[in-house]
Amino acid sequence: MDRLTAETKIKELAKRIERHNRLYHEEDRPEISDQEYDQLMRELRELETSFPDLQSPDSPSLRVGGEPLPFFEKVVHKTPMLSLGNAFNEEDIRDFDRRVRQAVGSQAVRYVAELKIDGLAVSLHYENGLFVRGATRGDGTTGEDITQNLKTIRSIPLRLTKPLTLEVRGEAYMSKGAFEKLNKEREERGEALFANPRNSAAGSLRQLDPKIAASRQLDTFIYGIGDLQGETVESHSEGLDLLETLGFMVNQERRVFDDVDELLAFIAGWTEKRPHLPYEIDGMVIKVDSYAQQEELGFTAKSPRWAIAYKFPAEEAVT
Ligand SMILES: NC(=O)c1cnc(N)c2cc(Br)sc12
């Protein structure tokens, strides 16, 4: 096949596969069988193998994973990935609020409260709207390059809706349902079981063979901007809205609060509702919304003064 024909065929196959992905994953109304879908993917991968420079950086073939890596490269994060101070009760949250208000003086303070997803923290780097590198948190400064594994997660966009250069942070996780299904399959194969969804997500993403990550139902919630070129946002909630517009999966259970009592009621509410979520959370994250106030508050040696993690008490084991 000549190059021009191959280029046309690759574009046509990618378009068809993306349409069937949407029909299957988003609309739950597949039009072709798994075998027919696999055949389309085989044709695309064969052409991309014959003409590697014709593989688009957002090709659907990247979702199934390529060859295993010999090892993971190290990645230095553009800005360090945070670790958060912890709060364990209402008084700790009120102390946090008092410290914040003392530091910002008479200014009004708005908080954003979000669910603290129990998964594996990841950093995703995009250049001109294309996903180019993804890494684990590691020690907060240096992580492992798990780009090929992350490209198999469908909720991670390979191409953003705008050609921006930015670095975002989030959590890769496995839902409770996917975790139960995976462990059932492993039990039937006589394999060791994963202890919990977080371990299974971390274990899946730290495999050198990306086909393993591709075979696991992993998902993401993106919750932070590490570096942003070409756009300005003034607050964390505005940043989350931008992330959603760009095509990232941003958790909907977020709320802004101007009053600490309402914030505490929201936290109490999720303590009750937590077992009914389809994914595991281990607490709530409360952040000062205004970036200007975050700047003013700064960091301690370990973590930001403008955020705190409220940790839920350990869930009683379900007997
Ligand atoms: N929404 C958030 O900020 C959030 C959610 N889930 C998490 N596991 C974490 C961890 C840090 Br550090 S922030 C954060």
Side-chain angles (χ1 to χ4, degrees), residues 72-87 112-126 131-157 166-176 178-179 194-208 210 212-213 216-228 236 239-240 243-244 246 248-254 274 277 279-287 294 299-304 306-312:
F72 288 124
E73 299 276 355
K74 291 295 181 200
V75 171
V76 177
H77 301 303
K78 204 153 172 54
T79 53
M81 289 180 70
L82 308 176
S83 62
L84 297 177
N86 289 327
V112 184
E114 301 169 75
L115 303 183
K116 189 169 182 298
I117 310 303
D118 197 5
L120 179 76
V122 292
S123 179
L124 310 176
H125 185 77
Y126 287 76
F131 178 42
V132 292
R133 189 175 55 254
T136 62
R137 180 181 179 283
D139 62 7
T141 304
T142 307
E144 289 178 323
D145 184 331
I146 55 167
T147 306
Q148 301 313 321
N149 289 342
L150 291 169
K151 285 189 174 182
T152 70
I153 302 180
R154 294 178 190 286
S155 60
I156 292 181
L166 76 162
E167 190 155 298
V168 302
R169 274 78 203 265
E171 205 84 359
Y173 71 94
M174 186 179 283
S175 71
K176 293 173 184 172
F179 168 70
F194 283 108
N196 53 53
R198 188 183 55 73
N199 286 7
S200 59
S204 303
L205 285 171
R206 305 184 65 178
Q207 296 287 332
L208 291 166
I212 293 175
R216 304 276 169 81
Q217 285 174 270
L218 294 168
D219 214 324
T220 54
F221 284 121
I222 303 302
Y223 49 67
I225 296 174
D227 180 61
L228 176 61
H236 178 60
L240 293 175
L243 290 172
E244 208 158 21
L246 293 174
F248 292 106
M249 190 64 76
V250 178
N251 194 285
Q252 295 304 306
E253 306 299 347
R254 61 186 192 265
R274 174 187 181 198
L277 278 169
Y279 45 83
E280 290 203 340
I281 61 172
D282 59 349
M284 309 289 288
V285 176
I286 294 96
K287 295 175 184 169
Q294 289 186 10
F299 295 76
T300 67
K302 286 202 297 45
S303 50
W306 42 264
I308 198 157
Y310 173 80
K311 305 286 282 184
F312 289 137

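Just so you know, residue 1 is the first one in the sequence shown, and it goes up from there.
- Taking both residues in full, the closest heavy atoms of Gly85 and Ile308 are given as O-CG1, 3.4 Å, listed atom of the first, atom of the second, then distance.
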Run the side chain to side chain donor-acceptor pair (under 3.5 Å) test on Asp219 and Ser155 for me, step by step, so that the C-alpha distance in whole Å, both residues' side-chain angles and the decisive distance to 0.1 Å come before the verdict.
CA-CA 6 Å; Asp219 214 324; Ser155 60; 2.8 Å; yes

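- A heavy-atom distance below 4.5 Å is not found between the side chains of Ser303 and Leu82.
- Between Gly119 and Arg198, the shortest heavy-atom contact is O-CG, 3.3 Å.
- The two atoms that bring Asn149 and Pro210 nearest to each other are OD1-CA, 3.0 Å, heavy atoms only.
- By the side chain to side chain contact (heavy atoms under 4.5 Å, CB included) test, Arg133 pairs with Val75, His125, Asp145, Thr147, sequence neighbours left out.
- To the nearest 0.5 angstrom, Gln207 atom CD is 7.5 Å from Phe72 atom CZ.
- Looking at every heavy atom in both residues, Phe179 comes nearest to Ser200 through CD1-OG, 3.7 Å.
- Not a single side chain to side chain donor-acceptor pair (under 3.5 Å) links Asn86 to another residue, sequence neighbours left out.
- Shown here are the ring-ring contact (aromatic ring centres under 6.0 Å, His included) partners of Tyr126, two or more places apart in sequence or in another chain: Phe131, Phe248.
- Rounding to the nearest 0.5 angstrom, the gap separating the NZ atom in Lys302 from the CG atom in Leu84 is 10.0 Å.
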Decide side chain to side chain contact (heavy atoms under 4.5 Å, CB included) for Lys116 and Lys311; before the verdict, give the C-alpha distance in whole Å, the side-chain angles of both, and the deciding distance to 0.1 Å.
CA-CA 9 Å; Lys116 189 169 182 298; Lys311 305 286 282 184; 4.0 Å; yes

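- Rounding to the nearest 0.5 angstrom, the gap separating the NZ atom in Lys74 from the OG1 atom in Thr142 is 8.0 Å.
- Residue Leu218 holds its CG atom at 6.5 Å from OG1 of Thr152, rounded to the nearest 0.5 Å.
- A heavy-atom distance below 4.5 Å is found between the side chains of Leu205 and Ile153.
- For Glu114, the side chain to side chain contact (heavy atoms under 4.5 Å, CB included) criterion is met by Val112, Tyr223, His236, Leu240, Arg254, Lys287, not counting sequence neighbours.
- Side-chain rings of Phe221 and Tyr173 approach one another, their centers coming within less than 6.0 Å.
- Here the side chains of Glu171 and Leu120 are not in contact, with every heavy-atom distance at 4.5 Å or above.
- The shortest distance between side-chain heavy atoms of Ser175 and Glu280 does not fall below 4.5 Å.
- In terms of modelled atom types and a separation under 3.5 Å, the side chain of Thr220 and the main chain of Ile222 share no donor-acceptor contact.
- With respect to the salt-bridge test (charged N to carboxylate O, under 4.0 angstrom), the residues Glu144 and Arg206 qualify.
- Using modelled atom types, one side-chain atom of Lys176 and one backbone atom of Leu277 make a donor-acceptor pair closer than 3.5 Å.
- Under the 3.5 Å distance criterion, the side-chain polar atoms of Thr136 are left unmatched by any main-chain donor or acceptor of Gly143.
- Contact detail for Ala172 and Ala201: the closest heavy-atom pair is O-CB, 4.1 Å.
- The side chain to side chain contact (heavy atoms under 4.5 Å, CB included) search around Glu253 returns Leu115, Asn251, Trp270, Tyr279, not counting sequence neighbours.
- Using a 4.5 Å heavy-atom threshold, the side chains of Leu243 and Ile225 count as touching.
- Taking 4.5 Å as the limit, some side-chain heavy atom of Leu166 sits within range of a side-chain heavy atom of Leu246.
- Annotation: side chain to side chain contact (heavy atoms under 4.5 Å, CB included) contacts of Ser123 (sequence neighbours excluded): His77, Met81, Glu167, Arg169.
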